[in-house]
Each structure stands twice: as C-alpha cells, then as structure tokens.
Amino acid sequence: MYRNANCGELTADLAGKTVTLAGWVQKRRDLGGVIFIDLRDRSGFVQIVFNPEVSQEAWNTADKVRSEYCLSVTGQVSKRDPEAVNPKIKTGDIEIMISEINVLNKSKTPPFPIEDGIEASEDVRLKYRYLDLRRPEMLETFKMRNRVTHTLRSFLDEKDFLDIETPILTKSTPEGARDYLVPSRVHPGEFYALPQSPQLFKQLLMASGIEKYYQIARCFRDEDLRADRQPEFTQVDIEMSFFELKPFQDMIEDMLVNLVKKVKGIDIPRPFKRLTYAQAMDLYGSDKPDTRFGMTLIDLTDIAADSTLKVFKEVQEKGGKVKAINVKGKASHFSRKQVDEDLRGIVSPYGAKGLAWLKVEEGGMKGPIAKFFDEALTARIVERTNAEPGDLLLFVADNKKIVESSLGALRLHLGKILNLIDKSAFNFLWVTEFPLLSYSEEEHRFVAEHHPFTMPVLEDLDKIESDPGSVRAQSYDMVLNGFELGSGSERICNHEMQEKMFKVLGFTKERAEKQFGFLMEAFEYGTPPHGGMALGIDRIVMLLAGRSSLRDTIAFPKTASASDLLTHAPSEVSEAQLGELHLDVATLLK
RNA sequence: GGGUCCGUGGUGUAGUGGUUAACAUGCCUGCCUGUCACGCAGGAGAUCGGCGGUUCAAGUCCGCUCGGACCCGCCA
C-alpha cells in the first residue's frame, strides 16, 4: 500500500492514528538530529518528522532524501506542541512522526522550485512542463478547468443536449482560418484538414434530427498566435433545432451564471448587458469591449471641424472621425513627454498618425492644440466630454477604423495602468448584429464576418447584392471582461438562401457545390431551422482563474511560434514517412 | 509578413569597450534534536544563445541567425 490518506486533508482529529502517505518532498529541513520534510501531494502538504529515537532506519533514509523525491511514508499523526504550531499552514497544528519510509523514486534537483509565484521564464517552464504542473497554482487551475467542463456537461445534459463527437480528420474548407492539413496515404495528393470548429458537422447533426447537440470539442487554426490564442483550443460547441434567439440566449446566460456560481461562488446579475456591434465600436472602439470601466469614446467630429486645426477639418471633409476619451482627473498624471511618447506608442500600431491632447483647467484648455479652439468651441468640447478641471482629453483623428481601434486600445491601456478595472468583476456582454460580410482588401471580395452559414437579418436582405457591407447578421458574440468567449448565430437552413450567400461571397456555383454541396443537399431534405454558438473553454478558465495567458489553462500548450518545447513538435519526419504520404519537401533555400 | 522587448553559473538578475564576470537563491560538504524563508562555516558551478564583423581589446558596439515574450496584420 502506497497510502491511505492525503497529506493536505489530515487534521488534529486523527492524532494518535497511524497513516501512510505518498507524495513529493517539497522542502527538507535538516537540524542535525531531527529532519523535517514537507510532504506534498495533490491535496496539499504536511510536515513529516524523522527522529532517530523513533526510527534510526527511517532517519538514515531521510538523511539522503532531496527535493522532489517521491516517497511513501508511514507514521503516527501527532499534535504539535503549542509553541511549534505553524498557523500559516493548513496542516500546521499536526505533524507525522515517521517510522517507515520508502523512496519510490529519486529526483534530480528541479530547474525551478515547485511553488507558486516563481520567476522562472516561460520557456524553462514549458520545457519542464510536468514540473511546472506540480506547482499548486497550476494544479488549482486544472482543478478549476475540470469543474468548468463538468459543470457545463451536467448543465447541457440536464437540458437534453446530446454529446456527440465529430471527426478530427475532416475536409478542408476555403473560408476562415488557415487549416492544419493531414496528408492522406491512401489518396495520393489529397489532404484532410483538422477542424477549425465542428460547424458543418453540427449543422448536419441538426439535419439528422439530433435537435440538441453539444460537444467539448478541440479546434485547430493555423494562424499566428497571441497571449489569448493557441493553435489548438477547446470550445463547448452547442447547436439546437427549432432555434429561437431569445430562449437560446436566455439558456446560455443561465449556463454561464450557473457556471460562475458553481466555480467561483459568485452571483452574476441577469440579464446580461447588450450592445449592438455598431454601439460597441462607437462607444468602446472594440467589438469585444471591457465594460468593467467607462472612459468611452466621444465623437467630436462636428466640433473639431469648426476649429482652425487643419488636420481635424480635413479628416471631417474626407468622411473620417475625430474622437476623444476623457481621462478623468488625470491631467497632472501625465507629462507632455509621457503623452507624446508612451501614449502615442499605444495608438500608433493601429495607424493613428498622432495623438492630440488637451488638459482641462479652470476657464480653459491647455496644450499644443488649444489655440485652435476659440472660447465657444472649447465650451462645446467641455459640454460634450463632461470635462472638468484636471481632466485629460486625448484625441485621434483619422478614418473611422483607425480612430476606433486606436482609441479603443488606448482606453484599455489606460484602464489597466490607472487601475480603473475592478479585477473581481465578471462583466458578461452580448454583442449583437454584427455585419454579415466585410470586404477583404486582400482577396478583393466580401468575406463572411462570422461564417458563410449565418442567417442575414431579414429586413436587410434586399441590400445583399447592392450594398453587401451594410447587411447585418443574426449573429452574436459573448464577451467577458474584454475577451471574446465565443460567437454564434442563427444559421441558414434553406438551399436557395445558402446559394445566394455563396454567390455574394464570390463562389461559382460549381465551387460552392464542390466545397459545400453535401450541406446544401442536406438542406433539401427537411433540415429544421437551427442555430447555436461555441464558447472557448480555455478563455473561460483563464478569466475565472485570473490568469493572463491561455498557456496557463492548457496542460501542454505551444509557444507563440506554435512549437512544443517539451516534445519538440513539430519535427522532421523520415524520408520513408514522406514517401508513404507521397510528399516531397521542397529544399529550403537561403 | 511587420514591429517592440528579452537571452549572462541550475534558476532569477546586475554588469562605463579594459584586471580574476558580481549578487540572490538553489546545489554539494561539514556542524547542528524543534525547524517551517531553519541557522552557521566552507565549496563547486558561466565556452555571457550561436555565427560573423568593428577594435589593440567585445558579455558590452554592428550585422546575421536561433530561441522566448508581447503587439499590428492575420484569427469565418
């Protein structure tokens, strides 16, 4: 027997009882005569004591034991003397007097200490991921992840959703992200793709009469990564037939409220806040706004155009925007240099050519652009921005996209550095009525904003050919604290509508048939109206656990360049393997 | 595809172009029977990511390259 109790669960009630524990050496303190070891397992740790008077043999072994040795020990639970109690430790009022020790496995000295809050760099942690995962905070994150998936599964199961698996080896589709491809051995020159999401299959399951489907599904996208993006990630994917928007969204809210309650013990108020895409962009400069703080974008295009500042006037004439944010009471917080260098550095990657500013003072404005605004204009700005002495106004003037994205990023940056964000808050937000299509400069055509199976808003349908960019979609995103958790939509289930959609997307009939013919054919066999959504599990866990990187929520994640530092994937394969797959790797030229 | 930052004993950092590369921690050895950030004494441990260049002289400057982090583009 390796053990009959867990280290972190022992209490003084067991005093006098003999227990057998198994775990790892967290810390060894050798006082010459007596040796103390903190023994750690998944449940926590407890101090075990080796005293030669109890067992010379066990002491001899403990003398040689080092950090991260894996042990099984037997001894008597003992209450500590009052002066020896350590109130900082959960099991600090007891210790185990060891009579028997068994070294199950030795350990090299670990490259970093197995404890919370370590400073080891990310690459070292990933190379020794199995050691990193031993750290309590990592363990806690994965316990939480388990609670998240378990809670979601029971919720959806109770609502009669069926968990159905869909293929990992599937068909490459032209829309959306770049596919990870898998060469076929049996079909020379042909490839499977790993799914970007189970989208097509879940729609086919609706055609199959499943009515309610869910899956905790792995998705793969071969695109460049970010702190909140991994090449493979997990979604809770949901789809239902006889879909109606309101009840469906109510159920999703229920599911998330239930989730946060079960996992964090926090009550989230309902209904969730809602913004249309247009409102979100207008107020926050983002389609996934962090609504935990204000400082929204204020449109000053009309006022700015009346000023004598040439760039503001020109922007207005070209149909652009002048917008500002009011950094309340922080005028003295930023020097001219900090605005011109630090804050400008935030907006410039988004294409903003400048960042104008005004400091609000009693009876006027101060700053390089103040002279372009007369008293009346200044008064209008004060009124529009609710400015008070001590406020700092920051302006960007450019086309709508640049103004919104840059000021949106600036707002977020300021919210973080000025501590305007309530870190304990969970602000869920629906963002609705996304555009159905957006124009791709790269491809010189309209592409689906969500995916090509999204139902347009019916009243916009007549504009789908004349002004495709203005058509809204029956789609919605779920946003939490500035992160897109997921998106969904009502789907097209009608063959003609789907054909029309592919036409707008620039597909020939033949190409649409070849790529998606199976789906369109399914629509001809009584496919019910349906819709659904998918929510990113990794991001949910990241936010609930208060982590800042998705890597901390995935057991074996990849780096920003999509490599695995532990296994060294991806890696070269043998000529023989390539041959079987009918592949010839082009020689890389320098 | 582009940008910013980083790479120095096991780990984390410091390091004006100039002597033997510093500090903390970890590790090893010895001493120590009540520690829990144990203590005390001693010791080992670095081709300064790699290649090339500038220079009398490079951890330090330059170029390339590899690796990591973050951002823009990209991510239906």
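Any value given below was found using the heavy atoms of this structure, including those in side chains, with hydrogens, waters and symmetry copies removed. Proteins come first, then strands; the chains are lettered A, B, ... in the order of their sequence lines, and each starts at number 1. Remember, it's a predicted structure, so these values are computed and weren't measured experimentally.
- The base of B:rU13 does not come close enough to the side chain of A:Glu119 for any donor and acceptor atom to sit less than 3.5 Å apart.
- Looking at heavy-atom distances under 4.0 Å, A:Gln47 makes contact with a base.
- Residue pairs meeting the side-chain hydrogen bond (donor to acceptor under 3.5 Å, both in side chains) criterion with at least one member in residues 52-62 of chain A, sequence neighbours excluded: A:Gln56-A:Asn60.
- Side-chain to base pairing of A:Glu83 with B:rG34: no donor and acceptor N or O lie closer than 3.5 Å to each other.
- A donor N or O paired with an acceptor N or O is found under 3.5 Å between the base of B:rG73 and the side-chain atoms of A:Arg226.
- Contact annotation for A:Arg66: backbone-only contact, meaning every heavy-atom pair under 4.0 Å involves sugar-phosphate atoms and none involves a base.
- Between the side chain of A:Arg229 and the base of B:rC75 there is at least one donor-acceptor pair of N/O atoms closer than 3.5 Å.
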Enumerate all atom pairs, one protein N or O and one N or O from nucleotides 38-45 of chain B, separated by less than 3.5 Å.
| unit_1 | atom_1 | unit_2 | atom_2 | d |
| --- | --- | --- | --- | --- |
| B:rC38 | OP1 | A:Lys27 | NZ | 2.9 |
| B:rC38 | N4 | A:Asp30 | O | 2.2 |

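- Atom C1' of B:rG12 sits at a distance of 15 Å from the matching atom of B:rG68, rounded to the whole Å.
- A side-chain N or O of A:Tyr213 and one of A:Asp237 form a donor-acceptor pair less than 3.5 Å apart.
- Taking the ring pair (Phe, Tyr, Trp, His ring centres under 6.0 Å) definition, one finds that A:Phe446 meets it with A:Tyr439, sequence neighbours left out.
- For A:Thr567, the side-chain hydrogen bond (donor to acceptor under 3.5 Å, both in side chains) partners at least two apart in sequence or on another chain are A:Asp564.
- Judged by closest nucleotide on RNA chain B, A:Ile89 is the one of A:Lys401 and A:Ile89 placed further toward the 5' end.
- Both distances falling under 3.5 Å, in either a Watson-Crick or a G-U wobble arrangement, place B:rC23 opposite B:rG12.
- Counting any heavy atom pair closer than 4.0 Å across all strands shown, A:Arg551 reaches sugar-phosphate atoms only and no base atom.
- Contact annotation: side chain of A:Asp81 to base of B:rG34, donor-acceptor pair absent below 3.5 Å.
- By the side-chain hydrogen bond (donor to acceptor under 3.5 Å, both in side chains) test, A:Arg135 pairs with A:Asp132, A:Glu137, sequence neighbours left out.
- If you take atom P in B:rC70 and the same atom in B:rG34, they sit 48 Å apart, rounded to whole Å.
- Contact check of residues 553-568 of chain A against RNA chain B (heavy atom, cut-off under 4.0 Å) returns A:Thr559, A:Ala560, A:Ser561, A:Ser563, A:Leu565.
- Mapped onto RNA chain B by nearest heavy atom, A:Asp123 and A:Tyr350 fall at different nucleotides, with A:Asp123 at the one closer to the 5' end.
- Ring planes of A:Phe502 and A:Phe453: perpendicular class, angle over 60° (limits at 30 and 60°).
- For A:Glu433, the salt bridge (Lys or Arg N to Asp or Glu O under 4.0 Å) partners are A:Arg472, not counting sequence neighbours.
- With its ring centre under 5.5 Å from that of the base six-membered ring and a plane angle below 30°, A:Phe36 counts as stacked on B:rU35.
- Under the salt bridge (Lys or Arg N to Asp or Glu O under 4.0 Å) criterion, A:Asp179 pairs with no residue, sequence neighbours left out.
- Residue A:Ala120 is in sugar-phosphate contact alone, with no base atom involved, counting any heavy-atom pair closer than 4.0 Å across all strands shown.
- Among residues two or more places apart in sequence or in another chain, the side-chain hydrogen bond (donor to acceptor under 3.5 Å, both in side chains) test is passed with A:Thr559 by A:Ser561, A:Ser563.
- Atoms CD (A:Gln196) and C1' (B:rC74) sit 13 Å apart, rounded to a whole Å.
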